[in-house]
Amino acid sequence: LMSAQEEAARRIPAADLVKVRYEDLCTDPEKTFELISEACELEWSPEVEAIIRRSSFENRNYRWQMCLSDAQQDVLTRCLAGSLEEYGYA
């Protein structure tokens, strides 16, 4: 999946592409949405800012670990090792 996403991204001019990390969205949603709005040439407004401030952006990155056994987690981690390292999760 990640390699397909990267392949598609290579076909888009860099100036037209915005990469958003889930962790950044959860940590600083206002800043992240400002960057997205700017890249899309959308006007930032107090109403948008208020909606974002009222919204919840809880990081749930590790919830999958509650659903998988240790053995399943090990298999998944081995299968995704390259992508996890490339994207800074290893």
Side-chain angles (χ1 to χ4, degrees):
L1 178 63
M2 295 309 294
S3 58
Q5 180 270 328
E6 286 296 328
E7 176 63 30
R10 283 192 284 278
R11 297 175 188 199
I12 299 170
D16 295 338
L17 182 66
V18 177
K19 289 189 177 185
V20 177
R21 289 182 58 95
Y22 175 74
E23 295 83 2
D24 295 338
L25 176 64
C26 293
T27 302
D28 195 347
E30 189 173 327
K31 179 180 177 184
T32 303
F33 277 107
E34 282 185 55
L35 292 171
I36 294 168
S37 295
E38 182 179 308
C40 295
E41 298 178 2
L42 298 172
E43 187 176 323
W44 187 255
S45 70
E47 293 83 11
V48 170
E49 191 172 328
I51 291 168
I52 292 168
R53 287 185 178 168
R54 286 193 311 264
S55 301
S56 173
F57 296 93
E58 177 186 352
N59 188 332
R60 297 178 180 201
N61 251 0
Y62 300 99
R63 286 188 79 187
W64 62 274
Q65 294 173 329
M66 295 184 297
C67 301
L68 300 176
S69 69
D70 289 343
Q72 290 170 320
Q73 290 180 44
D74 288 342
V75 169
L76 186 60
T77 301
R78 283 194 311 272
C79 289
L80 297 174
S83 292
L84 291 172
E85 187 171 323
E86 182 177 345
Y87 290 97
Y89 296 105

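As the structure is a prediction and not an experimental result, all values here were calculated from the model.
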Just checking E7: does its CD atom have more than 12 heavy atoms from other residues, nucleotides or ligands closer to it than 6.0 angstrom?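 Enclosed: over 12 neighbouring heavy atoms sit under 6.0 Å from CD of E7.
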Just wondering, more than 12 heavy atoms not from R63 lying within 6.0 Å of its CZ?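 Open.
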Listing request: all side-chain hydrogen bond (donor to acceptor under 3.5 Å, both in side chains) pairs with a residue in residues 70-84, at least two apart in sequence or in separate chains. S69-Q72
Contact list for residues 33-45, test side-chain hydrogen bond (donor to acceptor under 3.5 Å, both in side chains), sequence neighbours left out: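 Output for this query lists W44-E49, S45-E47.
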Pairs flagged by ring pair (Phe, Tyr, Trp, His ring centres under 6.0 Å) wherever residues 59-90 is involved - sequence neighbours left out: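 Sorted pair list comes back empty.
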Would you list the pairs meeting ring pair (Phe, Tyr, Trp, His ring centres under 6.0 Å) in which at least one residue belongs to residues 6-36, sequence neighbours left out? F33-F57
In residues 24-32, what donor-acceptor pairs under 3.5 Å come from side-chain atoms, sequence neighbours left out?
from : atom 1 : to  : atom 2 : distance (Å)
T27  : OG1    : E23 : O      : 2.8
D28  : OD1    : K31 : N      : 3.3
E30  : OE1    : R53 : NE     : 3.1
E30  : OE1    : R53 : NH2    : 3.3
T32  : OG1    : D24 : O      : 3.2
T32  : OG1    : D28 : O      : 2.9

Connected hydrophobic set around I12, excluding itself, where side chains approach under 4.5 Å: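 Besides I12, the hydrophobic cluster comprises L17, listed by chain and residue number.
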